[in-house]
S.K.: 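This is the structure I have questions about; it appears just below.
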Amino acid sequence: LSVLICRNYKGDVDMAEIDNFMPLLMQHEEEGLLCPVIAHGNVHFMWIKHSNLYLVATTNKNSNASLVYSFLYKLVEVFTEYFKELEEESIQDNFVLVYELLDELMDFGFPQTTDSKILQEYITQEGTKLEVAKSKVPTTVTNAVSWRSEGIKYKKNEVFIDVIESINVLVNANGSVMSSDIVGSIKLKTMLSGMPELRLGLNDRVLFALTGRDKGKTVVMEDVKFHQCVRLSRFDSDRTISFIPPDGESELMSYRINTHVKPLIWIESVIEKFSHSRVEIMVKGGKEFLMRAHFGLPSVENDEVEGKPPITVKFEIPYFTVSGIQVRYMKIIEKSGYQALPWVRYITQSGDYQLRTNV
């Protein structure tokens with residue numbers, strides 16, 4: 001393994017330090033002590049693996065590790081947007097482009113423009129376009145709204161909101177729910193002109209408590225994560241989700257609801273063995289479906305206990321959220337005063353949904 005490409009942003013770590021990374025990684029792996037942070041003297045290697053590549057950041061200071069790892073994963077995201085597949089060949093075929101991107105993504109150790117849509121406005125895969133574009137850097141690069149370009153125009157202004165919830169459930173062989181939770185995501189497809197200000201209202205229990213409302217069903221969201229466009233200070237103070245959205249498709253926020261979930265789809269299974277050469281499996285789903293399967297097997301004399309893999313269920317239910325989360329309103333304000341239509345769609349789908357079998 002060898003270094004494909006590197007960029008020294010601050011010059012305070014010797015470039016030869018990276019030669020120590022792979023021997024240390026292999027040593028730790030052999031000893032069963034593999035760790036995302038590896039130290040060599042006063043230098044720390046923070047690394048991730050993608051496909052056949054290692055992306056490694058080095059530092060000799062007490063750096064913010066979560067920031068470094070967020071940046072490494074953002075590198076993977078941006079390079080994948082440009083090259084479709086991030087692997088050794090795509091780096092070797094695009095050395096100049098990779099260096100251009102590394103220079104724009106970070107400056108003197110501080111992340112800068114990391115939105116691939118904005119980067120693609122002035123860093124292209126054609127060398128001739130690259131030179132011409134350098135003289136016309138989009139205002140988004142120096143603008144406070146770095147995720148949205150100016151001058152966007154649509155004949156019909158619309159925003160589509162998808163509320164998608166995945167259910168994680170583990171049911172034991174006796175029918176008891178051992179663990180369950182809901183992981184949700186609110187995704188947008190924005191087709192709005194100009195620089196609109198959007199405000200999203202949900203049936204958030206904390207918001208209702210702050211405003212003195214207690215009517216109707218509310219939800220308690222945990223581990224909430226927002227797109228960078230959301231004004232976090234505003235959310236922290238009064239739970240208002242206020243933002244200038246990216247153009248096109250984006251994930252506005254994700255959340256988790258830690259609650260007991262009653263299984264939406266129930267599966268019963270019975271496995272019977274006859275002699276050494278035949279197995280009968282009966283699977284019953286809800287009250288409507290029954291599957292019975294016979295397997296003729298080669299005669300087997302070994303009576304060792306076999307593994308009992310759980311039944312994994314995949315499904316999707318439109319127009320429904322199991323948590324009861326609702327979009328109460330979406331206000332769209334733009335200085336030109338145009339009218340815009342918000343459309344909302346709810347989807348519940350299986351996440352890690354497993355039911356253990358009873359043999």
S.K.: Looking only at side-chain N and O atoms, does Trp147 offer a donor or acceptor that is under 3.5 Å from a partner on Gln228?
M.R.: no

S.K.: Validate the cation-pi geometry between Lys331 and Tyr329: distance from NZ or CZ to the six-membered ring centre under 6.0 Å, angle to the ring axis within 45°.
M.R.: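 That pair qualifies as a cation-pi contact.
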
S.K.: Under 4.5 Å between side-chain heavy atoms, counting indirect links through other Ile/Leu/Val/Met/Phe/Trp/Tyr residues: same cluster for Val220 and Val224 or not?
M.R.: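 Different clusters: Val220 never reaches Val224 through Ile, Leu, Val, Met, Phe, Trp or Tyr contacts under 4.5 Å.
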
S.K.: Ignoring hydrogens and geometry, is there a side-chain-to-backbone donor-acceptor pair from Asn172 to Ser176 under 3.5 Å?
M.R.: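 A pair under 3.5 Å: yes.
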
S.K.: So do Met106 and Phe71 actually touch side chain to side chain, heavy atoms under 4.5 Å?
M.R.: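 Contact flag for Phe71/Met106 side chains = yes.
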
S.K.: Please check: side-chain N/O of Glu165 versus main-chain N/O of Ser323, any donor-acceptor pairing under 3.5 Å?
M.R.: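 Confirmed, Glu165 side chain pairs with Ser323 backbone.
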
S.K.: Looking at Glu334 and Ser336, would you say the former's side chain and the latter's main chain have a donor-acceptor pair under 3.5 Å?
M.R.: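 Present.
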
S.K.: Starting from the C-alpha separation in whole Å, work towards a yes-or-no answer on ring pair (Phe, Tyr, Trp, His ring centres under 6.0 Å) for Tyr346 and Tyr319.
M.R.: CA-CA 5 Å; Tyr346 299 98; Tyr319 317 116; 9.2 Å; no

S.K.: Verify the neighbour count for atom CD of Glu222: are there more than 12 heavy atoms of other residues, nucleotides or ligands below 6.0 Å?
M.R.: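 Yes - once you tally the heavy atoms of other residues, nucleotides and ligands closer than 6.0 Å, there are more than 12.
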
S.K.: For Asp93, look at atom CG and say whether over 12 heavy atoms of other residues, nucleotides or ligands are found less than 6.0 Å away.
M.R.: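 Atom CG in Asp93 is packed in, count exceeds 12.
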
S.K.: Hey, does Asp181 have a side-chain heavy atom less than 4.5 Å from the side chain of Val261?
M.R.: no

S.K.: Could you tell me whether Arg345 atom CZ has more than 12 heavy atoms of other residues or ligands within 6.0 Å of it?
M.R.: no

S.K.: Checking the side chain of Tyr353 only, and the main-chain atoms of Ser166 only, is there a donor and an acceptor separated by less than 3.5 Å?
M.R.: no

S.K.: Using only atom types and a distance under 3.5 Å, with no angle test, would you say the side chain of Asn20 pairs donor to acceptor with the backbone of His40?
M.R.: no

S.K.: Measure the shortest side-chain to side-chain distance between Leu198 and Leu192 over non-hydrogen atoms and say whether it is less than 4.5 angstrom.
M.R.: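 Answer yes - side chains close enough.
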
S.K.: For atom CZ of Phe110, is the number of surrounding heavy atoms from other residues, nucleotides or ligands below 6.0 Å larger than 12?
M.R.: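 No, because the 6.0 Å sphere around CZ of Phe110 holds 12 heavy atoms or fewer from other groups.
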
S.K.: Show your working on side chain to side chain contact (heavy atoms under 4.5 Å, CB included) between Trp343 and Ile161 and close with a plain yes or no.
M.R.: CA-CA 6 Å; Trp343 303 91; Ile161 308 162; over 6 Å; no

S.K.: Is it the case that the side chain of Asn168 and the backbone of Asp352 share a donor-acceptor pair, with hydrogens and angles ignored and the cut-off at 3.5 Å?
M.R.: yes

S.K.: Is it the case that the side chain of Arg199 and the backbone of Ser242 share a donor-acceptor pair, with hydrogens and angles ignored and the cut-off at 3.5 Å?
M.R.: no

S.K.: Same cluster or not: Val327 versus Ile182, using hydrophobic residues (I, L, V, M, F, W, Y) connected whenever any side-chain heavy atoms lie under 4.5 Å apart?
M.R.: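 Yes: a chain of side-chain contacts under 4.5 Å links Val327 to Ile182.
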
S.K.: Is the charged tip of Arg231 near the ring of Phe235: under 6.0 Å from the six-membered ring centre and within 45° of its axis?
M.R.: no

S.K.: Is it true that, when you exclude Tyr73 itself, more than 12 heavy atoms of the residues, nucleotides or ligands shown sit nearer than 6.0 Å to its OH?
M.R.: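 Atom OH in Tyr73 is not crowded, with 12 or fewer foreign heavy atoms closer than 6.0 Å.
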
S.K.: Is it the case that the side chain of Ser250 and the backbone of Lys189 share a donor-acceptor pair, with hydrogens and angles ignored and the cut-off at 3.5 Å?
M.R.: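 No, Ser250 side chain to Lys189 backbone: no donor-acceptor pair under 3.5 Å.
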
S.K.: So for atom NZ, which belongs to Lys10, do other residues, nucleotides or ligands contribute more than 12 heavy atoms lying within a distance under 6.0 Å?
M.R.: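 Yes.
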
S.K.: Is a side-chain N or O of Asn60 found less than 3.5 angstrom from the main chain of Asp12, in a donor-acceptor match?
M.R.: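 Side chain of Asn60 to backbone of Asp12: a pair is present.
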
S.K.: Main chain of Gln326, side chain of Asn203: is a donor-acceptor contact present, judged purely on distance under 3.5 Å?
M.R.: yes

S.K.: Show, in sequence, the C-alpha distance, side-chain angles and deciding distance for Tyr154 and Asp247, and conclude whether the side-chain hydrogen bond (donor to acceptor under 3.5 Å, both in side chains) test is met.
M.R.: CA-CA 11 Å; Tyr154 285 98; Asp247 186 46; 2.9 Å; yes

S.K.: If the threshold is 4.0 Å, N to carboxylate O, is there a salt bridge linking Lys187 and Asp162?
M.R.: no

S.K.: Could you go through Phe45 and Leu25, starting from their C-alpha distance and side-chain angles, then the distance that decides it, and tell me whether this counts as side chain to side chain contact (heavy atoms under 4.5 Å, CB included)?
M.R.: CA-CA 10 Å; Phe45 302 102; Leu25 182 73; over 6 Å; no

S.K.: Are Thr58 and Glu17 close enough, and set up right, to give a side-chain hydrogen bond (donor to acceptor under 3.5 Å, both in side chains), and what steps lead you there?
M.R.: CA-CA 8 Å; Thr58 61; Glu17 278 289 345; over 6 Å; no

S.K.: Should Asn94 and Tyr82 count as side-chain neighbours, where that means a heavy-atom distance under 4.5 Å?
M.R.: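 No - every pair of side-chain heavy atoms lies 4.5 Å or more apart.
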
S.K.: Would you mind reporting whether Glu104 and Gln112 have side-chain heavy atoms less than 4.5 Å apart?
M.R.: no

S.K.: For the pair Thr348 and Leu264, evaluate side chain to side chain contact (heavy atoms under 4.5 Å, CB included) and give the outcome as yes or no after the intermediate values.
M.R.: CA-CA 10 Å; Thr348 290; Leu264 298 178; 4.1 Å; yes

S.K.: Surrounding CD of Glu85 (heavy atoms of other residues, nucleotides or ligands, distance under 6.0 Å), is the total greater than 12?
M.R.: no

S.K.: Kindly indicate, with the supporting measurements, whether the criterion side chain to side chain contact (heavy atoms under 4.5 Å, CB included) is fulfilled by Met195 and Glu150.
M.R.: CA-CA 7 Å; Met195 281 285 180; Glu150 293 183 350; 3.6 Å; yes

